[in-house]
> 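Mind having a look at this structure? Questions to follow.
Both counts, for ligands and for their atoms, begin at 1 and track the order of listing.
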Amino acid sequence: MTYTPADTRFGGPELRRAGRSGLRLPAVSFGLWQKFGDASPYDTQREILLAAFDLGITHFDIANRYGPPHRASEKNFGRLLREDLGAWRDELIVSTKAGNSIGRSPYLSGGSRKSLLSSLDHSLRDLGLEYVDIFYSHSPDPETPLEETVGALADAVGSGKALYVAISNYPVERAREAARLLREASTPLLVHQPRYSIFDRRIEREGILEQSAEDGVGLITYSPLAQGLLTDKYLQGTVPAGARAEKSDFLSPNDISADYLERAGALNGLAKGRGQSLAQLALQWVLRRPEVTSALLGASSVGQLKHNLAALTAAPFSDDELAEIDRYGIHGTGLRVK
Ligand SMILES: NC(=O)c1ccc[n+]([C@@H]2O[C@H](COP(=O)([O-])OP(=O)(O)OC[C@H]3O[C@@H](n4cnc5c(N)ncnc54)[C@H](OP(=O)(O)O)[C@@H]3O)[C@@H](O)[C@H]2O)c1
């Protein structure tokens with residue numbers, strides 16, 4: 001059926017400015033990391049992504065690596081653009097990334113100019129786009145001079161293949177240096193994309209929140225639900241059929257430990273007392289920080305997505321509630337911490 005977006009989409013998530021840029025992004029962005037490759041039905045992907053756009057989520061985050069197999073999520077999103085969303089390209093922020101390994105060739109990984117720029121060309125072909133809105137260095141590459149990596153990012157903008165540049169998973173000093181080099185190149189760093197949730201507090205500990213604010217760089221923080229650990233789905237100590245922990249390289253039944261169950265159970269009790277779910281509490285908690293431009297969420301159904309977005313209208317946390325969350329929000333719970 002021909003797709004027509006909902007008129008109500010402009011009443012969606014609050015828009016937040018990305019650092020000191022002119023770009024405003026929805027407080028919740030949507031990521032295609034898992035279940036948007038070829039192992040998941042295309043019709044389900046389409047339903048979720050179109051619902052997200054209807055709900056006011058204008059920003060879709062992809063990477064050359066997302067699938068399985070690698071590149072499949074970009075191809076599937078390219079199909080969605082071709083068949084449904086392409087007419088609304090002006091209303092969309094499409095991000096992609098390069099630099100994490102996607103194959104055995106030395107040019108299919110790392111932060112070299114060759115790896116980043118040839119990947120960007122490939123992504124544009126798969127997406128069927130002339131430009132992406134945000135192009136990322138997916139991870140720091142200690143073996144490539146930072147000048148080369150950020151120079152390639154700046155050239156992506158210079159050639160018109162990207163509108164803005166970004167970094168992901170950088171340690172604080174390398175993020176600061178990337179911001180400086182890009183400022184000097186007159187292609188300011190738009191955003192940094194680290195992981196952040198009640199169970200992963202690295203960016204609080206390592207000063208990334210402060211550094212981003214000082215450098216005028218936005219933060220798009222990923223996995224706000226700790227891949228589903230901060231929802232009610234694992235609270236019984238079992239893995240429901242179809243859940244990510246069932247078959248994923250990044251989450252396994254071993255992550256559902258006794259410590260996890262105790263802490264997530266306590267957080268769930270606190271959420272219930274506030275009249276919300278654990279997922280809603282976890283998403284709202286990430287967004288409480290003014291440095292966070294957008295929380296980058298995943299969902300495997302429209303129901304999950306709609307449920308989670310209710311977090312945006314919840315009452316703010318009291319100081320006592322935040323202190324209670326700190327008691328159980330222990331860095332590393334259930335996660336392989338980088
Ligand atoms: N830059 C990087 O290195 C990097 C790394 C990782 C992710 N990311 C980005 O961040 C995005 C989000 O990551 P993420 O998917 O880990 O985020 P997340 O929001 O923490 O986890 C999403 C998953 O949690 C489960 N879930 C969501 N809502 C639920 C609910 N209401 N009840 C029960 N379960 C629920 C679903 O998994 P089930 O399949 O179990 O239903 C869903 O796919 C990715 O798509 C990607 O764009 C970036």
Side-chain angles (χ1 to χ4, degrees), residues 28-37 39-40 44-45 48-49 51-52 57 59-67 73-74 76-77 93-102 134-140 166-170 175 191-200 202-203 219-236 238-253 255-256 264 268 271 276-287 294-311 334-336 338:
V28 174
S29 299
F30 193 84
L32 285 80
W33 178 31
Q34 307 232 354
K35 300 197 177 168
F36 290 85
S40 309
T44 308
Q45 300 180 31
I48 297 169
L49 294 167
I57 296 180
H59 176 211
F60 295 91
D61 181 84
I62 324 178
N64 61 356
R65 200 177 145 78
Y66 295 173
S73 298
E74 288 186 328
N76 287 332
F77 197 75
I93 301 295
V94 180
S95 300
T96 195
K97 318 185 190 77
N100 285 8
S101 176
I102 56 164
I134 308 175
F135 183 49
Y136 280 89
S137 157
H138 201 154
S139 295
I167 56 174
S168 180
N169 301 312
Y170 274 47
V191 283
H192 186 184
Q193 184 180 129
R195 191 165 75 175
Y196 185 44
S197 74
I198 291 175
F199 287 157
D200 185 343
R202 188 179 58 90
I203 65 172
L219 281 176
I220 296 188
T221 57
Y222 68 80
S223 298
L225 311 181
Q227 302 194 62
L229 292 175
L230 286 163
T231 72
D232 59 10
K233 80 182 337 159
Y234 301 113
L235 293 181
Q236 309 309 316
T238 52
V239 175
R244 186 178 298 183
E246 192 177 51
K247 48 176 179 191
S248 163
D249 292 341
F250 301 92
L251 193 67
S252 86
D255 298 315
I256 319 296
N268 189 51
Q276 62 184 169
S277 70
L278 177 54
Q280 291 161 351
L281 175 137
L283 181 58
Q284 188 188 349
W285 183 86
V286 164
L287 289 169
S294 187
L296 183 44
L297 187 75
S300 61
S301 70
V302 174
Q304 284 182 355
L305 179 62
K306 286 189 172 163
H307 174 91
N308 298 342
L309 288 182
L335 298 171
R336 274 150 264 179
K338 289 180 189 172

> As an exercise, identify every atom of ligand 1 less than 4.0 angstrom from a heavy atom of Lys35.
38 (P), 39 (O)
> Show your working on side chain to side chain contact (heavy atoms under 4.5 Å, CB included) between Gln193 and Asp61 and close with a plain yes or no.
CA-CA 11 Å; Gln193 184 180 129; Asp61 181 84; 3.0 Å; yes
> Grab the two heavy atoms, one from Ala295 and one from Leu283, that are nearest each other, plus how far apart they are.
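Looking at all heavy atoms of both residues, the shortest contact is CB-CD1, 3.7 Å.
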> Does any N/O atom on Ala226 come nearer than 3.5 Å to any N/O atom on ligand 1?
yes
> May I ask you to list the atoms of ligand 1 that are less than 4.0 angstrom from any heavy atom of Asn169?
1 (N), 2 (C), 3 (O)
> Where's the contact between Ser139 and ligand 1, heavy-atom distance under 4.0 Å: side chain, backbone, both or neither?
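For Ser139, no heavy atom sits under 4.0 Å from ligand 1.
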> What I'd like to find out is whether the side chain of Ser197 reaches to under 4.5 Å of the side chain of Leu230, using heavy atoms alone.
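Answer yes - side chains close enough.
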> Consider every N or O of His307 and every N or O of ligand 1, then say whether any pair is closer than 3.5 Å.
no
> Under 4.0 Å from a heavy atom of Leu225: which atoms of ligand 1 are those, numbered in the order shown and with their elements?
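Close to Leu225: 18 (P), 19 (O), 20 (O), 27 (C), 28 (N).
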> Using a strict 4.0 Å cut-off to heavy atoms of Gln193, name the atoms of ligand 1 that fall inside it.
1 (N), 2 (C), 4 (C), 8 (N), 9 (C), 48 (C)
> Would His59 and Ile134 count as a side chain to side chain contact (heavy atoms under 4.5 Å, CB included) here? Give the steps.
CA-CA 10 Å; His59 176 211; Ile134 308 175; 4.2 Å; yes
> Counting the benzene-type ring for Trp, do Trp33 and Tyr222 have ring centres under 6.0 Å apart?
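No, the ring of Trp33 stays outside the 6.0 Å limit from the ring of Tyr222, centre to centre.
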> With rounding to the nearest 0.5 Å, note down the distance linking NZ in Lys97 to OG in Ser168.
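Here the rounded value is 6.0 Å.
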> Heavy atoms only: give me the nearest Asn64-Thr96 pair and the separation to one decimal.
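Nearest pair, atom of Asn64 first, then Thr96: N-OG1, 3.7 Å.
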> Out of all atoms in ligand 1, which are within 4.0 Å of some heavy atom of Asn308? Include the element for each.
27 (C), 28 (N), 29 (C), 30 (C), 31 (N)
> Begin with the C-alpha distance, continue with both residues' side-chain angles, and end with the deciding distance and a verdict on side chain to side chain contact (heavy atoms under 4.5 Å, CB included) for Val302 and Thr44.
CA-CA 9 Å; Val302 174; Thr44 308; over 6 Å; no
> What is the minimum heavy-atom distance between Pro224 and Leu297, and which atoms define it?
CG-CD1, 3.9 Å
> Give the single entry among His138, Arg244, Gln34, Arg65 that approaches atom 15 (O) of ligand 1 most closely by any heavy atom.
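That would be Arg244.
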> Heavy-atom distances under 4.0 Å are what count here, so tell me which part of Tyr66 touches ligand 1: side chain, backbone, both or neither.
side chain
> Do any heavy atoms of Arg195 fall under 4.0 Å from ligand 1?
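The answer is no: ligand 1 sits nowhere under 4.0 Å from a heavy atom of Arg195.
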> Of all the atoms in ligand 1, which lie at a distance below 4.0 Å from a heavy atom belonging to Asp61?
9 (C), 46 (C), 47 (O)
> Taking non-hydrogen atoms only, is Ser168 closer than 4.0 angstrom to ligand 1 via side chain, backbone, both or neither?
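Within the 4.0 Å criterion, Ser168 contacts ligand 1 through side-chain atoms alone.
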> Please state whether Lys233 comes within less than 4.0 angstrom of ligand 1, counting heavy atoms only.
yes
> Should the proximity of Leu297 to ligand 1, defined as any heavy atom under 4.0 Å, be assigned to the side chain, the backbone, both, or neither?
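Both backbone and side chain of Leu297 come within 4.0 Å of ligand 1.
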> Suppose we call two aromatic rings close when their centres sit under 6.0 Å apart. Are Phe36 and Phe60 close by that rule?
no
> Under 3.5 Å between any N/O of Asn100 and any N/O of ligand 1: does that happen in this structure?
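No: no nitrogen or oxygen of Asn100 is under 3.5 Å from one in ligand 1.
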> Looking only at N/O atoms, are Gly298 and ligand 1 under 3.5 Å apart anywhere?
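In this structure, Gly298 places an N or O atom under 3.5 Å from an N or O of ligand 1.
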> Which of the numbered atoms in ligand 1 are under 4.0 angstrom from any heavy atom belonging to Leu32?
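Result: 45 (O), 47 (O).
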> With atoms numbered from 1 as shown, which atoms in ligand 1 lie under 4.0 angstrom from a non-hydrogen atom of Ser300?
38 (P), 39 (O), 41 (O), 43 (O)
> Which option out of Pro240, Ala295, Ser223 puts a heavy atom nearest to atom 18 (P) of ligand 1?
Ser223
> May I have the step-by-step check of side chain to side chain contact (heavy atoms under 4.5 Å, CB included) for Val28 and Asn308, ending in yes or no?
CA-CA 10 Å; Val28 174; Asn308 298 342; over 6 Å; no
> For Tyr196 and Trp285, take the angle between the two ring planes, folded into 0 to 90°, and tell me which bin it lands in: parallel under 30, tilted 30 to 60, perpendicular over 60.
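It falls in the tilted class, 30° to 60°.
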